[in-house]
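Take a look at the structure set out below.
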Amino acid sequence: MDRAAGGTLAAGSEPGPGPSPARKRKRKRDLSGRSPMERCCRRYLKVTEVCGQSWCELQVLYGFEYPLVLKAEKERAEVKAGASIHLAREREVHDVVQVCVVTREDRQAVKFLNLLGMISALQTGCCVRELPAIGMLEGVFMVGVIDELRYSDKGELVLNELKTRRHKSLPSEAQAKGHRLQVGLYKLLFDGMVRGSLSRDQVVEHLELRLERALGPGVLEHARNLGFRVAAFGDVLDLLLVNLKYCELPCIDLLRLEYCHQGSGDIVGSQDVPFDEDQLRAQLRHYLSFWFGQREPRGVDIEDAWKCRMCSYAEHCEWRRGSSQGSVTVHTDKKLK
Ligand code: SF4
């Protein structure tokens with residue numbers, strides 16, 4: 001089996017599936033010109049990518065530069081175990097049906113049809129899981145999936161984000177920081193959607209979709225079964241935007257993180273997350289300034305060097321090399337010249 005697909009690379013092991021010398025030269029050339037957003041050909045960012053920056057920004061960038069390593073990461077047993085726990089929970093509240101999709105517009109239409117169903121469910125006071133959340137935040141189109149929205153006994157709309165844990169313990173502050181950012185960004189996206197701020201142009205431009213693209217037979221049948229009469233992708237998008245505008249759903253009142261043990265499924269603990277919009281947006285602007293090319297990416301601070309021991313990119317990492325030679329600051333300054 002190819003090493004890249006076989007597992008996580010350890011620090012000090014043989015070089016893995018890194019970029020070719022030609023690609024490395026290209027990266028150097030690009031560093032002088034295009035922003036990371038342009039270099040990685042991104043028109044939108046995932047919430048999880050921005051949250052990954054709170055752990056290590058350079059690690060997120062390496063994920064784009066070493067896609068095979070990233071793929072191997074996603075194949076890891078604990079990542080798969082976490083995904084199956086999420087799927088099992090989703091099945092508790094939704095029927096999961098297979099829909100045959102052919103085009104990118106088909107795939108997005110299915111997500112939007114699901115979202116339409118979830119808007120109705122929330123309007124009737126039901127709990128929904130795996131709700132897609134999209135919108136513009138601080139000049140960047142962002143996408144994410146909210147684990148769960150439900151109403152509390154007091155009628156508050158509660159966002160509950162499930163995190164699976166290998167050990168029966170709550171996460172370290174380094175991990176929890178990213179989790180808090182994640183739920184805060186989900187709230188901004190959801191609140192924006194139900195306030196009607198999402199526009200047709202934003203969706204089409206950033207997700208690069210064609211409004212006139214006819215939907216495939218599988219999607220048409222799925223839409224019919226849900227009671228929607230649509231023909232092209234633009235019909236589904238318009239339906240969604242009108243429903244969001246007039247749904248009168250409340251904004252999210254409470255953010256909660258729930259930690260669950262992977263092996264037993266036991267709940268390890270839960271934490272309510274305070275929401276300070278100004279602080280959150282300032283934090284987001286800082287992370288986005290890297291994507292806009294306004295500053296260099298940062299590796300971990302010296303006191304967080306323990307993170308590098310469990311990092312799949314450790315052997316390729318320029319920051320770590322500089323750090324182990326006791327010259328993180330020198331290295332950073334050199335890059336900024
Ligand atoms: Fe970040 Fe350390 Fe990994 Fe480099 S080795 S990408 S600094 S976590």
Side-chain angles (χ1 to χ4, degrees), residues 3-21 23-28 30-31 34-37 39-40 42 45-79 82 163 165-167 171-182 283-284 286-337:
R3 277 177 59 93
T8 306
L9 296 170
S13 57
E14 285 178 14
S20 63
R23 193 158 166 218
K24 280 181 179 164
R25 280 197 299 277
K26 184 169 181 290
R27 180 180 172 225
K28 277 197 172 161
D30 283 348
L31 281 174
R34 298 184 297 163
S35 70
M37 215 50 189
R39 239 166 44 223
C40 300
R42 302 305 302 268
L45 291 175
K46 294 178 184 171
V47 167
T48 47
E49 288 164 348
V50 174
C51 296
Q53 289 176 253
S54 73
W55 179 264
C56 175
E57 200 157 64
L58 209 47
Q59 197 179 62
V60 175
L61 183 62
Y62 284 146
F64 288 100
E65 297 191 338
Y66 299 82
L68 293 180
V69 180
L70 184 65
K71 192 170 169 222
E73 279 266 294
K74 289 181 179 167
E75 293 292 318
R76 272 167 45 208
E78 63 255 39
V79 177
K163 295 286 176 204
R165 304 276 307 148
R166 205 143 48 104
H167 303 291
S172 64
E173 174 53 25
Q175 288 171 307
K177 188 179 168 195
H179 299 164
R180 291 194 296 268
L181 175 64
Q182 187 178 1
Q283 198 182 358
L284 177 60
H286 167 72
Y287 289 132
L288 294 182
S289 63
F290 152 66
W291 288 101
F292 292 141
Q294 292 162 350
R295 61 178 175 82
E296 287 293 313
R298 282 189 60 81
V300 298
D301 290 331
I302 204 85
E303 62 270 24
D304 288 333
W306 54 272
K307 292 179 183 174
C308 303
R309 287 199 296 273
M310 57 182 96
C311 176
S312 301
Y313 309 99
E315 65 191 278
H316 308 291
C317 181
E318 299 156 23
W319 184 277
R320 182 169 180 262
R321 266 200 298 276
S323 171
S324 66
Q325 288 159 12
S327 58
V328 170
T329 312
V330 174
H331 179 81
T332 313
D333 289 342
K334 199 169 108 193
K335 286 179 84 177
L336 286 171
K337 270 179 192 170

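Numbers for residues simply follow the sequence, beginning at 1. Just so you know, ligand 1 is whichever comes first in the structure, and atom 1 is the first atom listed for that ligand. Being a predicted model, the structure only gives us computed values, none of them experimental.
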Could you identify the single nearest non-hydrogen protein atom to atom 3 (Fe) of ligand 1 and state the distance to 0.1 Å? C311 SG, 2.4 Å
How about H316 and Y66: are their ring centroids closer than 6.0 Å? yes
So, R321 and E315, do they make that salt bridge, N to O below 4.0 Å? no
Do you see a donor-acceptor pair shorter than 3.5 Å between the side chains of Q283 and K177? no
Using a 4.0 Å cut-off to any heavy atom of A314, which atoms of ligand 1 qualify? 5 (S)
Compute the ring centroids of W55 and Y287, then answer whether they are less than 6.0 Å apart. no
Pull out every atom of ligand 1 sitting under 4.0 Å from any heavy atom of R320, numbered as shown with elements. 5 (S)
R42 with E49: basic N within carboxylate O range, under 4.0 Å: yes
Side chains of Q59 and W319: donor-acceptor distance under 3.5 Å anywhere? no
Any Y313 heavy atom less than 4.0 Å from ligand 1: no
What atoms in ligand 1 come closer than 4.0 Å to a heavy atom of W319? 7 (S)
For ligand 1, which part of C308 has a heavy atom less than 4.0 Å away: the side chain, the backbone, both, or neither? both
Atom 1 (Fe) of ligand 1 to nearest N/O/S of C56 less than 2.8 Å: yes
Who's the nearest protein heavy-atom neighbour of atom 4 (Fe) of ligand 1, and how far? C317 SG, 2.3 Å
Select one of side chain, backbone, both or neither to describe which atoms of Y62 lie under 4.0 Å from any atom of ligand 1, heavy atoms only. side chain
May I ask you to test the W291-R39 pair for a side-chain heavy-atom distance under 4.5 Å? no
